[in-house]
Amino acid sequence: MDGKVKEQKQKQHQQKHSGPKAERKKLKKHGGPTEEDARKRNPKAFAVQSAVRMAKTFHRSQDMKTKKHHIPLVDRTPLEPPPIVIVVVGPPKVGKSTLIRCLIKNFTRQKLGDICGPVTIVSGKKRRLTFMECNNDINTMIDLAKVADLVLMLIDASFGFEMETFEFLNICQVHGFPRIMGVLTHLDSFKNNKVLRKTKKNLKHRFWTEVYQGAKLFYLSGMVYGEYQLQEVKNLGRFISVMKFRPLVWQTSHPYVLVDRMEDLTDPELVRTDPKCDRTVSLYGYLRGTHLKNKGQVHIPGVGDFQVADVNFLPDPCALPDAQKKRALNEKERLLYAPMAGVGGVVYDKDAVYIDLPASHVNQQQEEMRPTTELVQSLIDTHATLDAKMAASKVSLFSGSATLEPEDIGEQSGEKEGLQEESVWDPNTQRERRKVVFTTEDEEDVSGSSDDEDGDSEDSDQEDQGEDDGEKNLSTFLKEARAKCVETTKTGAGAPPVKRPKLEERKGESAEVPAFADSEDDLEVSEDEEESGGEEEAGRAGDSGHCSEEDEEESDDGEEESEGESGEDDVAADAAMKEKIASEEEEEEEEEEEEEEVEEEEGGLKWKEGLQQKASDAFLRQQQAAPNLRKRVYGSVVEVDDSEDEEQELGGLFRVSRPQNSKKFQANAVDSSRFSPDASHNWELEEMLNSIRDCFVTGKWDESQDAATLLKEDEEMYGDFEDLETGEVHKDHTGQKDPAEQNSENDDDDDDQEESVVKVDDKEAMKNKRLEKKQRLKERFDSEYDDGDATYFDDLKEEMQKQAELNRAEFEDVDDETRVQYEGFRPGMYVRLEIPSLPCEFVTNFDPHYPIILGGLGSSEGNVGYLQMRLKKHRWYHRILKTRDPLILSLGWRRFQTMPLYHIEDHNGRHRLLKYTPQHMHCGASIWGPVTPQGTGFLAVQTVAGVKANFRIAATGVVLDLDKSVTVVKKLKLIGYPEKIFKNTSFIKGMFNTVLEVAKFEGASVRTVSGVRGQIKKALSTPAGAFRATFEDRLLMSDVVFLRSWFPVTIPQLYNPVTSLLLPVGQKDSWAGMRTLGQLKHDLGIRNKPNADSLYKPVVRAQRHFNRLQIPKELQKALPFKSKPKQLQPKGKTPRDLQRPSVIREPHEKKVAALLHALSTVHNYNRKKAHTLQHAKHKQFLQEKGKQEEAKLQRQKEARKKLYRAMGQADQKNQRSSLKGAPKDD
Amino acid sequence: MASQGLAYDGCNFFRQRLVLSTLSGKRVKISNIRSKDDNPGLRDFEASFIRLLDKVTNGSKIEINQTGTVLFYMPGLLHGGSVEHDCNMQRSVGYYLEALLMLAPFMKTSLKATLRGVTNDHTDPTIDMLKSTALPLMKKFGIDGEGFDLKVVKRGMAPGGGGEVFFSCPVRRTIRPVQLTDPGKIKRIRGVAYSVRVSPQMANRIVDSTRSVLNQFIPDIYIYTDHMKGANSGKSPGFGLTLVAETLNGSFLSAEMSSTPQGQGDPMLPEDLGRNCAKLLLEEVHRGGCVDSSNQSLTLLLMTLGQQDVSKVLLGPLSPYTIEFLRHIKDFFQIMFKIEVQKPSEDKRKGGDKVLMTCVGVGYSNINKTLK
């Protein structure tokens, strides 16, 4: 087959050299104009033929245009976007790993063995790709569909579509549709070319109906030496590297990380003593989606919800190449980063790292992929050696300084975390206990662990580099640490007094004095105040330092304590001040030095370049831009944050808020937003009044806005003009002509002639001015001209564009450390997240083939509540779903099991419970689950364990509403029976059990089965629960009375996250949660006993007997005869007197009678005969008469005809004669 | 599953904490509320505030210990709808309304609140002020349209109260980012001089004295006199003035003053009140910015709850209340503002320092609003 492809060479295009076509082309080449103004040449052809048709075409074109519009979104993609996640999906044995391997080889020229975990590569100058293989487990499919940017959907063409493909497509549809590209493999198994073509076409069209018409389907024709054909892979690679993506709603509104590296930071000793202890784990990966805030909440699908202890960004391990002119990447820039797959000889196995360097390949390998290995190596080193190193450095460095604040908790907190997890949360006791723990066990850690938090990444990196360089770098580290420590001391001591309420004074000073001096002043002032003001104040300031907790707890004797502490604190503050002043001058220099060194060390690593410049810039800027205000609001940026970390951790569940000290002094003050006026401003004084003159329209305006200047400019711009009324010509003052008429050079000449002495500078200035004016004119013209065209859509788009530009520009020149504070970590950064208290199974059962995703949660998405959603059973799922049967939902980042109640909305807005989902209709579903924004799609499966033969997705839907209470009601009929029947009143029993129940339902309407309506009146005393009710008619004893009511149903509060990642390796797809009722019965072999009443029995019907109808005599009398009951009784004997005697004839009489009878018979016969005869005669006569009449008419007609003809002729003659006479008269 | 909780001390900034907790869904525990006071625990007006919060939310859990010194608040979802609340007389309606302004756009159904109590007093921003400054401010954030209204039905002065205010606000799913960096020049000054249960002449006297101060800056001044009578006049006598300066770019600066409550302190002359209030307005102008000092926190909150875009606003010097609010925003939303001080140049006479606040919104979307 391959041979065939090569043989079929395309026929070359043959150009015509003669003939009409060639001539036309020639003409076109030479005389262009003939073609271009066809409109002019042949106007009729372009004339409007039909107005209706024109309107139609216009409408159509407009429709097409507007259809193309998407709602404009603010483009929030970062300048350096994270790698694109390409998920390769398909049923087993379809060639997923082979394809990934081929693509990686295509892009990086490297071969990978086993594809474990995400593989990140640099594919082009502006694009990186992360490949991830998706196995056949539905958990993995769901998770990866949520993070995929592009899906390569592999289809075995020799087999056709498999269910996995459709399942994945449906998952994608629910969670926002990423780009999907189909890839057909196993095409070489077709021997017949025609069959192949047909199969391709069929598959393509089916794929199109699923994705969209015209979706790209790629064909991989066959394998060569176990790999796909080079050219085809290359083409696929090209497609991938130019593909564009539309942002998906969920992805763009949540930060997420596809973890490509995992490390267990738990204290080994702790693990040894208790192998099941909770672990502290650091996870690495590119941040995608949106900005990630530190200390946020994340969800790890398959594990659960966690609080991030710490986030920091690391140098990009797979950085994009520098901006260069050349088109292709060189060998060094084709980076590959896949720590889980063991690239660069690093293999991650559960909880250990193996560095595998085959001796023979050492040199070669290092040369081949130098940047990669270097980076990976450095990253590995970071944590393999850092613990020990940090511990050592801590002791040696900070033992001297007393009031250091712990800063780099990043590393240490991990170790401590384990300790913390042990204690059960209890707000009062826990804090104190913690305190003790810290002092006894880890005193050094608390006091000495100080390193800049956000500097951490830099530091650690520096250290990594430093490993090679040895002592030189150690010294650097020391220096830096010292600098940092100095900073912290400054802020640590400086912060409390800064937060005092002396707003006005502080501000006044900050306006004049440069930043650093200012802060000193602050310190002095505040200190003075402290001393003079009294011990109380000092105590408050000091509280924040270390013993806020104690103070809170022991509020009774807090006064004394705080006094004591205040003394200490003052001393500490003094010491800190001295240190600070001494070190301040050095600080800046040192920092710069460090950075230079850092750069030297890093050498070729690009991610650092420019950073230093930025950092120094930012530093200077910060110095200038009054850091006081910021410091006063947030405390000093980073350091204080860290000090609070400790406190927060102490709290465990509750976080102790940061500005403790400032709060202390006004903890119970009046809560008012009023801002009392500045006492120093005396608004009687003239100078004070003058200071705000320009705030009013009557004041002085800016140059650019002043009406007078603007007028003057306008005058200049429009130059001379003629007043048409007076005929007066106004000349431009400067003597310039309208710039539109003459070019600048001419103008210059004119000026030269008019003004003899013009300096060169002036000329230049004039030129500039003119240019400026031209520009302005052009702008004005543009704005006027474009104004009409701009639609709402254009305006909206422009607005979004502006916002996007602002977003980009705002923090562009801020260094990353600070920027992270404002924005959070931006997508595209390589981040390291530290997560405490992960279950140990996460580490022990770690399998890199399963994706680990860290999905960031919004502000209240960590809470649980009731969700109302719209749900539809999937049309391919062959069973309907039962209310209260557990269902596994994939919603937001989460997968969880819950028990939904299905309901439907009645016309009056009531949510009526359904026992089952409708077959082909949407219905409502209410669950107890995690709060997720409305409009989020979800899908439901009944089980995630194993692969069933049929379609696994049971239902899909969307979240409609969130609430803390839900009103789903169920119809409830209460049944009662009449006990006693009066006229329309009856006593009903059996419906209720007590008088109280009846009382609750007084006034409720009831009904009988036969449709007689009634109302509950009052409870009866004797049979408990019986009541009196009135009806519109009399009841029968056989009637059944029922009361229809609605009973609110409670939703079962089951929220059970699917913890599939915690299962042992190899069993991760066998998570089984709560079973459905049907499954349970099946498993336990329970069969339902049918209701005896529901069983079918032969129907025995008694013969009905009807009584006679009795009508009262009175009524009978009144009835009309028709309606009177007839006397239907048989006739009785006639009485004798009424009986007539029978007549017996004599023989003579008999004879007479017989004769008479015979005679009359004869007579009758004769009469009849005569009558018929007469009748026939008359008929004949009538016929005769008719004929005569006809003849008579005929005759008359002819006579009349004759007469008329004569008359006509006479008339004609008359007329003719008159006509003859007439011309003579004329 | 439990989202983190926050713990605070003391009753100060009580509203901020509860409001932010409600919006962010994080629970909060406030302990040591006036624990050392002679009269420990929550005051009546705070309890009333909690009750109001309970009315507008669904499913919130509030636990207060026996002495009232510890409050645990687990927020529910904002429900809205028609709410009637009798505010405590210790604080004015403004105290409650300020919180409602922050919460109202994020409810499930649009809020229609009727608040009764003291409409004008010393400690809190009055209704007139909120009406003239906070409402136009919220309009800039896209909270606008049908039924966005604040009405003074009855006016009630401290200490008797008896006022009634109707506030209605539509619901929004998202908040627009704003760029308010140029306040523009003040083009006019408007005001309301109100008086209840005193001579109607008082208002006129206030107007005259106010104009005497402000006329040296701008001629376009109009101060309405609002004298309420009968049932609409509440239970206590009093008078006061609210001044609003409107700039060319549509930002509003305001100042206000009301007479001392009956039987508390020295009575005040209307002329003095007018003059002092005018000076307060000048002070406010001196502070400047696009938002006046009492609405700073509202602005910052709406910026925080915007889309994930950059918002900028120019403020006057930050009030202590705002500073604390910023800290709370950091606690609840992990948002830090970029704070840049803009010093006025020498030749320009435009008041004191300005502060340019910049932030990136959290991308908050109203999770309470029902999707149809």
Side-chain angles (χ1 to χ4, degrees), chain A residues 74 76 253 290 293 295 297 305 307 501 503 507 511 552 555 625-626 629-630 633-634 653-657 659 663 666-669 671-675 677 681 683 690-698 803 806-807 810 821-823 859-860 862-864 933-935 960-965, chain B residues 1 3-15 24-25 29 32 34-35 58-59 76-77 98 123-124 185-187 217-218 279-280 282-283 285-286 293-294 297 308-310 317 319-321 323 326-327 331 334 336 338-341 343 348-351 353 360 363 365 367 370-371:
Chain A
V74 178
R76 300 200 181 95
S253 57
T290 54
K293 303 277 183 317
K295 311 258 184 290
Q297 231 186 345
D305 277 18
Q307 194 84 35
L503 228 173
K507 207 183 315 119
E552 281 166 32
S555 52
L629 195 54
R630 187 182 145 168
V633 174
Y634 292 118
L653 183 58
F654 285 111
R655 211 165 64 145
V656 179
S657 72
K663 223 179 304 157
Q666 47 188 1
N668 292 327
D671 176 17
S672 167
S673 64
R674 276 239 176 127
F675 189 12
H681 293 169
W683 291 101
N690 276 335
S691 71
I692 57 165
R693 287 257 180 233
D694 290 345
C695 291
F696 295 87
V697 281
T698 48
Q803 185 68 50
L806 183 72
N807 290 353
E810 184 57 33
Q821 303 263 323
Y822 292 132
E823 289 187 310
S859 56
S860 50
N863 297 341
V864 202
Q934 304 92 336
L960 293 183
D961 197 5
L962 313 164
D963 216 333
K964 291 283 181 185
S965 61
Chain B
M1 196 66 212
S3 64
Q4 75 194 107
L6 296 169
Y8 289 104
D9 257 9
C11 69
N12 204 2
F13 312 112
F14 184 73
R15 287 178 297 165
S24 69
K29 184 177 181 179
N32 287 338
R34 300 198 184 85
S35 52
N58 179 19
L77 291 170
E98 271 188 308
T123 41
D124 291 301
K185 289 182 186 300
I186 292 165
K187 61 175 177 185
F217 287 105
I218 196 162
K279 281 173 192 163
L280 278 184
L282 295 183
E283 172 77 28
V285 171
H286 184 264
S293 57
S294 62
S297 48
Q308 297 200 317
D309 291 320
V310 170
S319 70
Y321 188 78
I323 289 175
L326 283 170
R327 290 175 192 151
D331 288 351
Q334 279 100 36
M336 256 176 81
K338 187 171 159 191
I339 306 170
E340 291 164 304
V341 176
K343 300 231 164 60
K348 279 178 195 160
R349 299 172 295 177
K350 282 193 170 178
D353 289 359
V360 182
S365 80
I367 57 160
T370 307
L371 186 74

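What you see is a predicted model, and the numbers here were worked out from it, not measured in a lab. Sequence lines set the chain letters: A, B, ... in the order given, protein chains first and strands last, and positions in each chain run from 1.
- A salt bridge does not link A/R630 with B/E340: every distance from a Lys NZ or Arg NE/NH1/NH2 to an Asp or Glu carboxylate oxygen is 4.0 Å or more.
- Residue contact with chain B, scored on non-hydrogen atoms closer than 4.5 Å, involves the side chain of A/R76 exclusively.
- Qualifying side chain to side chain donor-acceptor pair (under 3.5 Å) partners for B/T370, counting only residues two or more places apart in sequence or in other chains: A/D961.
- Listed options B/V360, B/T123, B/I186 were ranked by heavy-atom pairs under 4.5 angstrom with chain A; first place goes to B/I186.
- Between A/S860 and B/G25, the closest heavy-atom pair is CB-CA, 3.9 Å.
- Residues B/L77 and A/L962 have side chains in contact (heavy-atom distance under 4.5 Å, counting atoms from C-beta outward).
- A salt bridge links A/D671 to B/R15: one of the charged nitrogens lies within less than 4.0 Å of a carboxylate oxygen.
- Considering every non-hydrogen atom in both B/H286 and A/I692, the closest pair reads CA-CG2, 3.5 Å.
- Closest approach of A/F696 to B/K185, counting heavy atoms only: O-CD, 3.5 Å.
- With B/D309 contributing its side chain and A/Q803 its backbone, the two residues share no donor-acceptor pair below 3.5 Å.
- Of the possible donor and acceptor atoms, one in the side chain of A/Q934 sits under 3.5 Å from a partner among the backbone N and O of B/I367.
- When each of A/S965, A/P933, A/S672 is checked for heavy-atom pairs under 4.5 Å with chain B, A/S672 comes out on top.
- Here the side chain of A/K295 pairs no donor or acceptor atom with the backbone of B/Q334 at under 3.5 angstrom.
- Nearest approach of A/P677 to B/L280, heavy atoms of both residues: CG-CD2, 3.6 Å.
- Between the B/E283 side chain and the A/H681 main chain, no donor and acceptor come within less than 3.5 Å of each other.
- No donor-acceptor pair closer than 3.5 Å links the side chain of B/S293 to the backbone N or O of A/F675.
- Applying the side chain to side chain donor-acceptor pair (under 3.5 Å) test to A/D963 and every residue at least two apart in sequence or in another chain returns B/N58.
- Formation of a donor-acceptor pair under 3.5 Å by the A/R693 side chain with backbone atoms of B/F217 is not found in this model.
- The two residues A/Y634 and B/I339 come nearest to each other via the heavy atoms CE1-CD1, 4.0 Å.
- Considering only heavy atoms from C-beta on, A/N807 stays 4.5 Å or farther from B/Q308 through its side chain.
- The side-chain tip of A/R674 does not point at the ring of B/Y321 from less than 6.0 angstrom away and within 45° of straight on.
- When all heavy atoms of B/K279 and A/W683 are compared, the closest pair comes out as CG-CB, 3.7 Å.
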